[in-house]
Amino acid sequence: MEKQKSYESGINTENAKAGVTGRRIGTLEMVLCGVFTTLIAVGAFIKVPVPVVPFTLQFLFTMLAGLLLGGRLGAMSVGVYILLGLVGLPIFAEGGGFWYILKPSFGYLLGFMLAAWVTGRMVERRGRLTTGWVMAVNFLGLFIVYAAGMVYYYVICNYVIDTPIAVGPLFLYCFVLAVPGDICLCILAAILTVRVKPVFQKMMEEGRRK
């Protein structure tokens, strides 16, 4: 009898988890997704003037989307941003439109969405957050973004638009010169997440009760 109760309890727990995973998105969550989609769009045009290669705040907002909203909602925020740009809204760094998928830099946008999902899921499964741990998660997200971006860049340049680029120059211009600014953003995102995440959790839990 005890085994039967334990078995049924396990099933109920799994069903509860499945319900949370597959549940509908609430109004507050939709609003927060919209806010981060807007921030990501605005971030593409906020350039930080540093020597050699200026960088934007877009990476910061895509990371915060996953870290603060969770994997599913974070990836959704980035995904909506990408879809809006592909249908023609001029919210990408160089405009918008479906033709943008032929731009070598489009891979970084796909990397943003994947990184938001991965880092968001990792934070969701963690209990107490520390700045060092979140920073390590952010560096993983950074690796995902650059890996996706550089592979896409290489394939489009060499096999689609016929503007060949070797691995050496690709690594120099698309990683070495560009990554220092994003490393700083990883650190900033970790500090912000540890301080702001409890507020977001409380706000989203209250929104789900309504």
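Residues Phe139 and Cys186 come closest through the heavy atom pair CE2-CB, 3.7 Å. Contact between Met113 and Gly79 at its shortest, heavy atoms only, is SD-CA, 3.5 Å. Taking every heavy atom of both residues into account, Leu67 and Val137 meet most closely at CD2-CG1, 4.5 Å. Counting all heavy atoms, side chain and backbone alike, Met150 lies closest to Cys174 at CG-CB, 4.1 Å. Here the shortest heavy-atom pairing between Val194 and Leu129 reads CG1-O, 4.2 Å. The shortest non-hydrogen separation linking Thr37 to Ser77 is OG1-O, 2.9 Å.
Taking 4.5 Å as the limit, some side-chain heavy atom of Leu140 sits within range of a side-chain heavy atom of Met122. The shortest distance between side-chain heavy atoms of Val123 and Lys197 falls below 4.5 Å. Side-chain contact check for Leu68 versus Phe36: some heavy-atom pair is nearer than 4.5 Å. Residues Thr130 and Val134 are not in side-chain contact: their nearest non-hydrogen atoms beyond the backbone lie 4.5 Å or more apart. Side-chain contact between Leu69 and Glu29 is absent, with no heavy atoms from C-beta onward closer than 4.5 Å.
A cation-pi arrangement, defined by a distance under 6.0 Å to the six-membered ring centre and an angle within 45 degrees of its axis, is absent between Arg72 and Trp117.
Atom CD of Gln58 sits about 11.0 Å away from atom CG of Leu185, to the nearest 0.5 Å. One distance of note links CD1 of Ile144 with OH of Tyr108; it measures 14.5 Å at 0.5 Å rounding. Atoms CD1 and CE, from Ile187 and Met135 in turn, are 5.5 Å apart once rounded to the nearest 0.5 Å. Note that the CG atom of Leu83 and the CE atom of Met76 stand 11.0 Å from one another [nearest 0.5 Å]. To the nearest 0.5 angstrom, Leu60 atom CG is 9.5 Å from Asn138 atom CG. How far OG1 of Thr38 is from CD1 of Ile91: 9.0 Å, rounded to the nearest 0.5 Å.
Thr56 contributes no side-chain N or O that, together with a main-chain N or O of Ile46, makes up a donor-acceptor pair within less than 3.5 Å. A donor-acceptor contact shorter than 3.5 Å links the side chain of Tyr146 to the backbone of Ala178.
Shown here is Phe45, whose CZ atom has more than 12 heavy atoms of other residues, nucleotides or ligands within 6.0 Å. Within a 6.0 Å radius of OH in Tyr152, other residues, nucleotides and ligands contribute more than 12 heavy atoms.
Residue Ile101 is tested with Leu109, Leu86, Leu110 for a side-chain contact (heavy atoms from CB on, under 4.5 Å); the sole match is Leu86.
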### Query
Would Phe98 and Val87 count as a side chain to side chain contact (heavy atoms under 4.5 Å, CB included) if you check the C-alpha gap in whole Å, the side-chain angles of each, and the deciding distance to 0.1 Å?
CA-CA 6 Å; Phe98 191 73; Val87 299; over 6 Å; no
### Task
Report the C-alpha separation of Ile183 and Leu142 in whole Å, then their side-chain angles, then the decisive distance to 0.1 Å, and conclude whether the side chain to side chain contact (heavy atoms under 4.5 Å, CB included) test is met.
CA-CA 8 Å; Ile183 290 176; Leu142 181 68; 3.9 Å; yes
### Task
Report the C-alpha separation of Thr62 and Tyr81 in whole Å, then their side-chain angles, then the decisive distance to 0.1 Å, and conclude whether the side chain to side chain contact (heavy atoms under 4.5 Å, CB included) test is met.
CA-CA 10 Å; Thr62 58; Tyr81 165 73; over 6 Å; no
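Phe106 and Leu102 fall within the same hydrophobic cluster, where Ile, Leu, Val, Met, Phe, Trp and Tyr residues are linked whenever their side-chain heavy atoms come under 4.5 Å apart, directly or through other members. The cluster map of Ile, Leu, Val, Met, Phe, Trp and Tyr, joined by side-chain heavy atoms under 4.5 Å apart, puts Phe143 and Tyr173 in different clusters.
Using cut-offs of 30° and 60° on the angle between ring planes, the pair Phe92 and Tyr100 is tilted.
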Give the table of side-chain donor-acceptor pairs shorter than 3.5 Å for residues 158-171, with sequence neighbours excluded, one pair per line with atom names and distance.
from: Asn158; atom 1: OD1; to: Ile165; atom 2: N; distance (Å): 3.2
from: Asn158; atom 1: ND2; to: Tyr154; atom 2: O; distance (Å): 2.8
from: Asn158; atom 1: ND2; to: Ile165; atom 2: O; distance (Å): 3.2

